[in-house]
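Here is the structure we will look at, set down as C-alpha cells.
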2 protein chains.
Amino acid sequence: MSHAATTASRNARPDIAEYLAESIFSGRYGPGDFVPKELDLCEQFGVSRSTVRSALQTLVAAGLIKRISGQGTRVCELANWHLLDPQVSAWMAKFAQPNPRIQREIFAFRVAVEPFVARLAAEHATAADLLAIETAYEGMIHALERDDLRWKGQTHDEYDVAFHEAVFAASHNLVWAQISHVLKPAIALLVEKSNHSAHELNDSMERHRRVMEAIRLRQPEQAAAAALAVLERTGRDLGLEDLIRALPILEDQTTIG
Amino acid sequence: MSHAATTASRNARPDIAEYLAESIFSGRYGPGDFVPKELDLCEQFGVSRSTVRSALQTLVAAGLIKRISGQGTRVCELANWHLLDPQVSAWMAKFAQPNPRIQREIFAFRVAVEPFVARLAAEHATAADLLAIETAYEGMIHALERDDLRWKGQTHDEYDVAFHEAVFAASHNLVWAQISHVLKPAIALLVEKSNHSAHELNDSMERHRRVMEAIRLRQPEQAAAAALAVLERTGRDLGLEDLIRALPILEDQTTIG
DNA sequence: ACTCCTAGTATGTCCGACATAGGATCGGAC
DNA sequence: GTCCGATCCTATGTCGGACATACTAGGAGT
C-alpha cells in the first residue's frame, strides 16, 4: 500500500458518492454538465477505478447522473432525480438547504401528505399503533424534562421523528410507510432547525398531543387538522407559512391570532 | 468458458439484476434468505465479478438486498424495499403480479393519491397543463376509432398513461410528479389488464372526460370525485372494488348518516 | 467454563488490460 | 465544394487475478 494514500484512506475516506452529491446539489455541476471522468476522480481521491465506479453507480441509481459509454458522465435534469429514494432524500436534507425551491417543494409535499396520512391513521390505527405513537410522545415529554434532552439514550428530536414515523405506519399501507422513510431526513432536519425555546416546545407538544388523541378517538378530520397544526408551527419557524395558508383543509382556528 | 453460456451471453445477456429481482419478487428468495455469493453468480452467468457486483449494487440501491462483508448477501424485509424507486416500481409491475398483497397495496395507494392529486391539479393547472391533458385525452379518443388502436404511432393505453401523468404534472409539485413516474408502470399494467370491451371503454372515456373538465373548471372536489370514479372502473375489473368503498373522500356522505 | 487465538469464508478494494460505444477528424468520391 | 465513409480518440464497460478486511466459528490454552 502506498504511504500517501494511507492517511487519506485511514483517517476519513471522503465518501466519493457523497462528495459528488454535494457538488451536484450545491449547483457546482448543473444539469447537463459533465462531471470529472473516472480516472480524474481516481487521482483526486487516491482510490482505484472500482471504488470510483461504485460511487458513480450510487449516483446513477439516484437518478442524479447518466453515464454514456465513450462520452462521459453528465448530470441529469432535476425532474429526473429520484427524489423519493431514501438516499436522495438524505442528501437533500444535508445539502439542499441553500436551495430554496427544493426546500419549499418538500415542505409543500409534507403539508399535503401528513394531514392526509393522519386521517388514514385515525381510521386504521390499531392498539399497537397507538402504543408506538404514545411511546414516542412520552419519550418527547420525558426527554424535555432532562437537562441534556435525553431519555433512555434518545434525544427529544429523535422521539419527534419517531412520532411522525409511527403515524405513517398507522396508515397501514406499504407505500405511505415508505414515504415516511423518505421524509424522515427532511423531518429530522426541520425538527432540528426549528426553534427550541420553552414556550415553543410546550406549544409543539400540545399540537402533537392533539394528533395522537384524534387518532385514538378515530376522528379523521380532527387528526388531519391537528397534523396540519403541527406543520404550521414548524413552517412558521422557517418562513414557509405561506404554503400552509393556501390550504383548503383549515376549518376552524389555527391560533394565528 | 462454457459453450452453453456463449449463446446466452452473446445473444441477450440475461441482465443479472433483473434475474435476481425476479427471483426475489417471486419469493424464490424470501426475506432473510441468502442469495448466491458473487463467485457462484459469476459461474452461473459466465461473467466476471465486476459485472456481478454491478448488478448486486443495483439491488442494494433498490433496498432489496443487504450485503455484509465477510458474511454474504441477504434479502431485506419487504418494509425496507424502496418501493418508490422507479426501478423497483418497474420490477414490481413486471414480476409482482402474482403477489396479491403488493397489488392491493399499490392500488390502495393510487386510490388515496390520485383523487388528491386531481384536486391539486384543479387548483393549480395552467393552460399548458390543460393542453397536455387534453392532448392525451384526444389521443385516447382517436386511437379508439382505429382498428389497431393506434394514432400517431401511440396506442390507446399509452395515451391513457400519459393522461394520468399529465394530471400529476398539473399539480405543480416536484414530489407528486415523481410519484407519477413511480406509478407509471403500475398504471400501465392495470390499464393493460383491464377489460377492453366497447361499452367499458366508452364508460372509461366518459370518466376521464369528467376529470379533465373538472380540472379545467377549477372544481377541486369534482376533480377528486371524478378521479376516484376512474379508479373505481379500473378496480372493478380487477376485483379490488372493496378498497374503494372504504374511502373517506366521497364528499357528500362523509358523515355516515 | 471462559477467553483468546486462529483458520475459513465472502465481500471490499486494488491493479492492469482489453472490449465497446460514442464523437470528432480526416480523407476520398461524386 | 459538399457529402459520405473510414479512422482515430476518448471514456465507459468488462475482464481476470490478487490482496485486504470483516464477520463466523471452532479449537487451544489457562
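Here is how names work: the chains are called A, B, and so on, in the same order as the sequence lines, proteins then strands, and each is numbered from 1. Below, all heavy atoms of this structure are taken into account, side chains as well, without hydrogens, waters or symmetry copies.
Aromatic ring pairs are classed by plane angle as parallel below 30°, tilted from 30° to 60° and perpendicular above 60°; the pair Tyr159(B) and Trp151(B) is tilted. Taking the six-membered ring where tryptophan is involved, the planes of Tyr19(A) and Phe45(A) are perpendicular, since the angle between them exceeds 60° and thus also 30°.
Remark: aromatic rings of His208(A) and Tyr137(A) are distant, center separation not under 6.0 Å.
Of the candidate nucleotides dC15(D), dA10(C), dC23(D), dC15(D) has the atom nearest to the side chain of Ser50(B). Comparing dT12(D), dC14(C), dC23(D) by their nearest atom to the side chain of Thr51(A) picks out dC14(C). Listed candidates were dC23(D), dT12(D), dT13(C). Nearest to the side chain of Ile68(B) is dC23(D). The side chain of Ser48(A) has dC15(C) as its nearest neighbour among dC15(C), dT11(C), dG23(C).
With 3.5 Å as the limit, one finds no donor-acceptor pair spanning the side chains of Asp160(B) and His156(B).
The side chain of Ser69(B) contributes no N or O atom lying less than 4.0 Å from OP1 or OP2 of dA22(D). The shortest distance between the side-chain N/O atoms of Arg49(B) and the OP1/OP2 oxygens of dC15(D) is not below 4.0 Å. For dT12(D), neither phosphate oxygen OP1 nor OP2 lies less than 4.0 angstrom from any side-chain nitrogen or oxygen of Arg53(A). Contact annotation: Thr73(A) reaches the phosphate of dT12(D) (side-chain N/O to OP1 or OP2, under 4.0 Å).
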**Request:** For salt bridge (charged side-chain N to carboxylate O under 4.0 Å, His left out), just list the numbers for Lys94(B) and Glu22(B), CA-CA rounded to whole Å, side-chain angles, deciding distance to a tenth of an Å, and then say yes or no.
**Result:** CA-CA 8 Å; Lys94(B) 248 180 164 172; Glu22(B) 196 272 336; over 6 Å; no
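Ile16(B) places its CD1 atom 15 Å from the P atom of dG13(D), with the value rounded to the nearest Å. Here dG17(D) presents its C1' atom at 14 Å from CD of Glu38(B), a figure rounded to the nearest Å. One interatomic measurement links the two molecules: CD of Gln71(A) to C1' of dT10(D), which rounds to 10 Å at whole-angstrom precision. With rounding to whole Å, Arg67(A) atom CZ is found 14 Å from dT20(C) atom C1'. Atom-to-atom, CG of Leu39(A) to P of dA17(C) comes out at 13 Å; the value is rounded to the nearest Å. As a whole-Å value, the separation of Phe45(A) CZ from dT13(C) C1' is 16 Å. With rounding to whole Å, Arg74(B) atom CZ is found 12 Å from dC23(D) atom C1'. Rounded to an integer number of Å, the gap from NZ of Lys66(B) to C1' of dA22(D) is 14 Å.
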